[in-house]
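Sequence lines set the chain letters: A, B, ... in the order given, protein chains first and strands last, and positions in each chain run from 1.
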Amino acid sequence: MTLEIYNTLTRKKEPFKTLKPNRVSMYVCGPTVYDKAHVGHAMSVLVFDVIRRYLEYKGYEVELVMNYTDVDDKIIQRALVEDVDSIQIAERYIEEFNCHLEALNVLPAAEYPRATDEIKHIIKSVKALVDKGYAYQANGDVFYRIEKFDDYGKLSGRDIEDMEAGSRVDVDSKKEHPMDFALWKAAKPNEPSWDSPWGKGRPGWHIECSVMSLHHLGEQIDIHGGGNDLVFPHHENEIAQSEALTGKQFASYWVHNGMMQLSGAKMSKSMGNLVTIDAFLEEYEANVLRMMVLNSSYRSPLKFNEETIEHAQKALKRLRSALKPARSQEGGFEGSLVEEAEKAKETFQEAMDDDFNTSAALAGLFDLVREINQARDVGADDQTLAEGQRILKKLTGVIGLELEKEEIKSGDAEPFIDLLVEVRDKLRESKQWELSDKIRDDLEELGVILEDSPQGTQWHWE
RNA sequence: GGCGACGUAGCCAAGUGGUAAGGCAGAGGUCUGCAAAACCUUUAUCAUGGGUUCGAAUCCCAUCGUCGCCUCCA
């Protein structure tokens, strides 16, 4: 089976071919760290985590780099408001984001470069672009000359004339062309700045990604990812910079995730319609957010509301239902789950090979869940169930779901619960329904669910 | 205004030429003292209108609607 990936550059699904055998270099645009991250950022991170995990499952060695933009207007502004150094602002939110990544069960990247650590490389690259005629300086600013780059607009599918007609560009007389963008910005008072051949200043936003990708992953990479709000201008400009520098195709596959929506609009800091990752994780486990992402197509917008959250919770619960132990070890079931597990695996792989179709992949897993539960109902023992459960756990692991995590409740209470259940069994034997139902109801209030069956009573945490 | 994506059952969501995966919710049933859980059965002609085709949700055109980008943004 061959993996196909939708490439924004060609607007088609294409067979995945790597530059080097069995190795994938992958660069994902990380956040600008000027404020708390929201679940939209988490979505992006989760999408690329799933992609990375699946590539590794397919046997590729993945080298993933995700950057932090730690110098930018908004960070500087925030620093002014709080009257602290902008580095401190960046540091605070980078640290926080790192914690989020761990909480969200995101596999670590090989590198997390930051713009301010790469100033030397950035200056070198800007200088090279000037030398090649792709950039020019004007009063301490350096701009990219987009008309010099023939392919400008190839990623976002626009041509320069269309954009000029539509956009109301501020009159910036220093630019040769209104769409030219800043590679280097001359320092204003009270801004962080670095010495450069053009005087004190700081890098523009787009150049950092080009340079960090070049520096950490080389001139050409397999996959470049990010939110689809970055297609233009950010990624378009990255292509212009990188390809002007190297003369080679920058990234083979451009992969973009859709936006998280809240109340019918894109979740964003500037609009204020957001739910922070912190706020979400206070109420729900990380798997719920991941399930929300998996349940839909990564390229489509994802609605964030009570209903979709609940939906994800229930789907998660359903997957977990298959991991419950057998009712009996007597073995009244002759069959085997090996074949069903194999089938689920095939469905899963075919779906994932089709541009990471996680929704269809989950369908295969739900089928397996039903097979396992069916087998349990007709008396399969733990060993038989495990044939299916093993594959289920493996495949959910490939998409980063943790089915077994919830068992970390306080173990101290368990003997007492067992005792109550035992007492209740005696009550039921003597048909004292009122009292036995009270025990069941009260335990439920405390988060303990009792399930009676002909083979006895099992309990689990809610 | 320009560019792009999307519009499938009550909801979420696959499916891109041969008469609609899966999940949730709903209905009925099995099991149960009653529940819960699980299992079984059941629920759509694919925004609208044209066109191409033996045949379209799937291709083309138009209309309506939603969203994204065009300014910082995952």
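- For Asn357(A) against rG15(B), no side-chain N or O and base N or O form a donor-acceptor pair under 3.5 Å.
- What separates CD1 of Ile439(A) from C1' of rC34(B) is a distance of 15 Å, to the nearest Å.
- Gly40(A) comes within contact range of at least one nucleobase, with a heavy-atom separation under 4.0 Å.
- Comparing rG23(B) with rU43(B), their C1' atoms sit 15 Å apart, to the nearest whole Å.
- Pair check for rA5(B) finds rU66(B); Watson-Crick or G-U wobble, both atom distances under 3.5 Å.
- Ring-plane geometry between Phe280(A) and Tyr284(A) is classed as tilted, the angle between the planes lying from 30 to 60 degrees on a 0 to 90 degree scale.
- Heavy atoms of Leu365(A) sit nowhere under 4.0 angstrom from any nucleic acid atom.
- With a cut-off of 3.5 Å on both Watson-Crick or G-U wobble distances, the partner of rU52(B) is given as none.
- Spacing of P atoms, rC59(B) relative to rG17(B), comes out at 8 Å, to the nearest Å.
- Taking 3.5 Å as the limit, the base of rA35(B) and the side chain of Arg440(A) contain a donor-acceptor pair of atoms between them.
- Atom P of nucleotide rU32(B) and atom CD of Glu451(A) are separated by 16 Å, given to the nearest angstrom.
- Classification of the Tyr144(A)-Phe181(A) ring pair by plane angle, with boundaries at 30° and 60°, yields parallel.
- Note on Gly30(A): only backbone sugar-phosphate atoms sit closer than 4.0 angstrom, heavy atoms only; bases stay farther off.
- Nucleotides rG33(B) and rU19(B), compared at atom P, are 46 Å apart to the nearest Å.
- Salt-bridge annotation for Arg145(A) and Asp180(A): absent, with no side-chain N of the basic residue lying under 4.0 Å from a carboxylate O of the acidic one.
- Put simply, CZ on Phe304(A) is 18 Å from C1' on rC67(B), counting in whole angstrom units.
- Taking only side-chain nitrogens and oxygens, Asn228(A) never comes nearer than 4.0 Å to OP1 or OP2 of rA5(B).
- The aromatic ring centres of Tyr253(A) and His224(A) sit 6.0 Å or more apart.
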_Applying ring pair (Phe, Tyr, Trp, His ring centres under 6.0 Å) to Phe149(A) and Tyr152(A), what does each step give before you reach the verdict?_
CA-CA 6 Å; Phe149(A) 187 70; Tyr152(A) 195 77; 7.0 Å; no
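- Arg376(A) contributes no side-chain N or O that, together with a main-chain N or O of Ala326(A), makes up a donor-acceptor pair within less than 3.5 Å.
- The aromatic rings of His256(A) and His235(A) lie tilted to each other, with the angle between the two planes from 30° to 60°.
- Distances from the side chain of Arg428(A) to the nucleotides rA37(B), rC67(B), rC34(B) place rC34(B) closest.
- A donor-acceptor pair under 3.5 Å is absent between the side-chain atoms of Arg318(A) and the main chain of Val369(A), judged by distance alone.
- Within the nucleic acid shown, Met292(A) has no heavy atom closer than 4.0 Å to any nucleic acid atom.
- Taking the P atoms as reference points, rC6(B) lies 23 Å from rG10(B), given to the whole Å.
- Comparing Arg327(A) and His234(A) against RNA chain B, the residue whose closest nucleotide sits nearer the 5' end is Arg327(A).
- Within the nucleic acid shown, Ser453(A) has no heavy atom closer than 4.0 Å to any nucleic acid atom.
- Below the 3.5 angstrom threshold, one finds no donor paired with an acceptor across the side chain of Arg11(A) and the base of rG4(B).
- At the heavy-atom level, Lys314(A) lies under 4.0 Å from the strands shown only through sugar-phosphate atoms.
- Distance check: Gln261(A) CD to Thr308(A) OG1 gives 10.5 Å after rounding to the nearest 0.5 Å.
- If you take CE of Met179(A) and C1' of rC69(B), they are 11 Å apart, rounded to a whole angstrom.
- Using a 4.0 Å heavy-atom criterion, one finds that Arg78(A) contacts no nucleic acid atom at all.
- Between Asn373(A) and rC39(B) there is a side-chain polar atom (N or O) within less than 4.0 angstrom of OP1 or OP2.
- Base pairing of rU19(B): no nucleotide in any strand meets the Watson-Crick or G-U wobble criterion (both distances under 3.5 Å).
- The base of rC34(B) is paired with the side chain of Asp452(A) by a donor and an acceptor separated by under 3.5 Å.
- Thr2(A) and Asp353(A) share no donor-acceptor pair across their side chains, judged by distance under 3.5 Å alone.
- Regarding Glu236(A), its CD atom lies at a distance of 13 Å from the P atom of rG4(B), rounded to whole Å.
- To the nearest whole angstrom, the two C1' atoms, one in rG7(B) and one in rG26(B), are 25 Å apart.
- A gap of 25 Å separates the P atoms of rG65(B) and rA57(B), to the nearest Å.
- In this structure rC46(B) sits in no base pair that meets the Watson-Crick or G-U test at under 3.5 Å.
- Rounded to the nearest Å, the gap between the C1' atom of rA20(B) and that of rU58(B) is 11 Å.
- Under the Watson-Crick or G-U wobble criterion, with both distances below 3.5 Å, rC39(B) is paired with rG29(B).
- Side-chain nitrogen and oxygen atoms of Lys303(A) include at least one within less than 4.0 Å of the OP1 or OP2 phosphate oxygen of rC12(B).
- Of the candidates rC70(B), rA74(B), rA38(B), the closest approach to any side-chain atom of Arg318(A) belongs to rA38(B).
- Taking the charged nitrogens against the carboxylate oxygens, Glu82(A) and Arg78(A) do have a contact shorter than 4.0 Å, which makes a salt bridge.
- Rounded to a whole Å, the CE atom of Met352(A) is 13 Å from the P atom of rA14(B).
- Rounded to an integer number of Å, the gap from CD1 of Ile309(A) to C1' of rC11(B) is 15 Å.
- Neither OP1 nor OP2 of rA38(B) sits under 4.0 Å from any side-chain N or O of Gln374(A).
- When heavy atoms are screened at a 4.0 angstrom cut-off, Ala312(A) is found touching no nucleic acid atom at all.
- Nucleic acid contact for Gln261(A): sugar-phosphate only, since backbone atoms but no base atoms lie under 4.0 Å from a heavy atom of the residue.
- Using a 4.0 Å heavy-atom criterion, one finds that Ser300(A) contacts no nucleic acid atom at all.
- The side chain of Asp437(A) lies closest to rC34(B) when the candidates are rG68(B), rA14(B), rC34(B).
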Quick one: which protein N/O atoms are closer than 3.5 Å to N/O atoms of nucleotides 16-22 of chain B? Pair and distance per line, please.
none

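- At a threshold of 4.0 angstrom between heavy atoms, the contacts of His256(A) with the nucleic acid are absent.
- In terms of position along RNA chain B, the nucleotide closest to Trp433(A) lies nearer the 5' end than the nucleotide closest to the other residue of the pair Trp433(A) and Lys266(A).
- For the ring-ring contact (aromatic ring centres under 6.0 Å, His included) test, residues two or more places apart in sequence or in another chain that qualify with Tyr68(A) are Phe97(A).
- The P atoms of rG55(B) and rA14(B) are separated by 30 Å, rounded to the nearest whole Å.
- One interatomic measurement links the two molecules: CD of Glu350(A) to P of rG15(B), which rounds to 13 Å at whole-angstrom precision.
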